[in-house]
Amino acid sequence: MMEQRAIHGHIGQGEIIRGAQKLPAFPRIVQHILAVLDDDGASMNDLVAYLQRDPVITGKVIAMASHGLRSHGHSEVRSIYTAASFLGLQKIRSIVLATSLADFTRRSHGAKHYWLHSLAVGVAAQELGAAAGLGNDYAFVAGLLHDVGQLWLSHFHGEEFQLVRQLVEEHGVPVCVAEQRVFGIDHGEVGRLLADYWELPADIGRAIARHHAAAEESWENKLLAAIHVAEVISNGLDLPAAASNQVTHLADGAVACLGLDLQGDCSVLFGRIEARFGLAQALLA
């Protein structure tokens with residue numbers, strides 16, 4: 001942490017929460033899905049009934065199912081129930097989470113590259129989480145929201161945030177160090193405070209807060225490790241394509257925590273990440 005006084009002046013929890021109250025409402029469907037992940041009584045019908053309240057998300061689900069059926073020579077899907085039966089609960093949840101958070105980002109005036117980067121990290125984190133036995137959508141949500149603190153900072157302090165970008169891109173200052181220098185807080189901690197305010201699970205908040213802290217972690221938490229590794233992989237795969245993508249430090253402890261062998265043949269894992277990102281990008285365009 002920088003010892004000198006922040007250029008902008010320290011941004012505290014109160015200001016972050018007041019800002020969150022001015023953003024569009026956080027999608028309740030995200031909280032609903034996370035709340036019932038471990039509920040054995042939660043059914044596809046429950047989720048479909050919830051989806052029918054949102055025609056935009058329903059349309060995305062039907063579009064995804066139609067794409068899959070057309071590739072097998074079948075006709076298009078016209079019913080949300082048919083779409084849900086074809087896709088299955090896991091894919092439905094992923095579509096709903098991505099669509100609702102994409103809409104939240106657009107309504108919060110988030111830049112297109114910000115969202116595409118978040119989507120890439122979310123997809124990579126979900127694939128890594130599945131390989132490591134996480135077995136739920138926490139990794140996807142944490143990946144989609146890992147940089148939500150940057151969304152807040154750019155929305156409410158746009159000029160100062162450009163100074164952060166200048167420090168990073170022109171002077172090679174690590175992003176969290178640059179944010180501490182300008183705001184007295186980094187985007188990870190801003191994101192954690194937002195996640196707490198939105199009543200998201202504490203593990204998601206911690207993963208958001210610490211995904212850049214490679215040298216400071218003992219790496220015993222698979223969710224945190226998945227977000228850290230996912231961001232490095234998405235940059236390495238150039239998802240989305242950008243001149244600013246760089247492969248930063250990859251913590252060996254995070255890789256070991258996930259039980260991965262990135263020195264071996266990762267073509268299948270990387271291929272799945274690239275394919276899923278491309279399909280999700282087309283669906284959410």
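These numbers come from the heavy atoms of this one structure, side chains and all, not from hydrogens, waters or symmetry mates. No experiment lies behind these values; they were computed from the predicted model shown.
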Handout entry: Parallel, tilted or perpendicular: ring planes of His146 versus His211, cut at 30 and 60 degrees
Key = perpendicular

Problem - Parallel, tilted or perpendicular: rings of Phe104 and Trp198 (30°, 60°) - result: perpendicular

Exercise for the section: To the nearest 0.5 angstrom, please state how far the CH2 atom of Trp152 sits from the CD atom of Glu15. Expected result: 4.0 Å

Handout entry: From Gln126 atom CD to Leu134 atom CG, the distance as rounded to the nearest 0.5 Å
Key = 10.5 Å

Handout entry: Minimum-distance pair of heavy atoms, taken over all atoms of Ser154 and Phe161
Key = CB-CD2, 3.7 Å

Exercise for the section: Step through the shown structure and confirm whether more than 12 heavy atoms of other residues, nucleotides or ligands are within 6.0 Å of CD on Glu169. Expected result: yes

Handout entry: Donor-acceptor pair between Glu179 and His212 side chains, under 3.5 angstrom
Key = no

Practice task
Give the intermediate values and the outcome of side-chain contact (heavy atoms from CB on, under 4.5 Å) for residues His187 and Cys176.
Solution key: CA-CA 7 Å; His187 71 276; Cys176 290; 4.0 Å; yes

Practice task
For side-chain contact (heavy atoms from CB on, under 4.5 Å), just list the numbers for Arg18 and Phe156, CA-CA rounded to whole Å, side-chain angles, deciding distance to a tenth of an Å, and then say yes or no.
Solution key: CA-CA 11 Å; Arg18 288 192 296 274; Phe156 291 106; over 6 Å; no

Practice task
State whether the side chain of Ser108 and the backbone N or O of Gly110 hold a donor-acceptor pair below 3.5 Å, judged by distance alone.
Solution key: no

Practice task
May I have the step-by-step check of side-chain contact (heavy atoms from CB on, under 4.5 Å) for Ile273 and Leu239, ending in yes or no?
Solution key: CA-CA 9 Å; Ile273 292 171; Leu239 303 175; 4.0 Å; yes

Exercise for the section: Would you indicate whether the side-chain heavy atoms of Leu250 and Leu262 approach each other to under 4.5 Å? Expected result: yes

Exercise for the section: Test side-chain contact (heavy atoms from CB on, under 4.5 Å) on Leu163 and Gln166 and set out the steps. Expected result: CA-CA 5 Å; Leu163 177 57; Gln166 183 178 357; 4.0 Å; yes

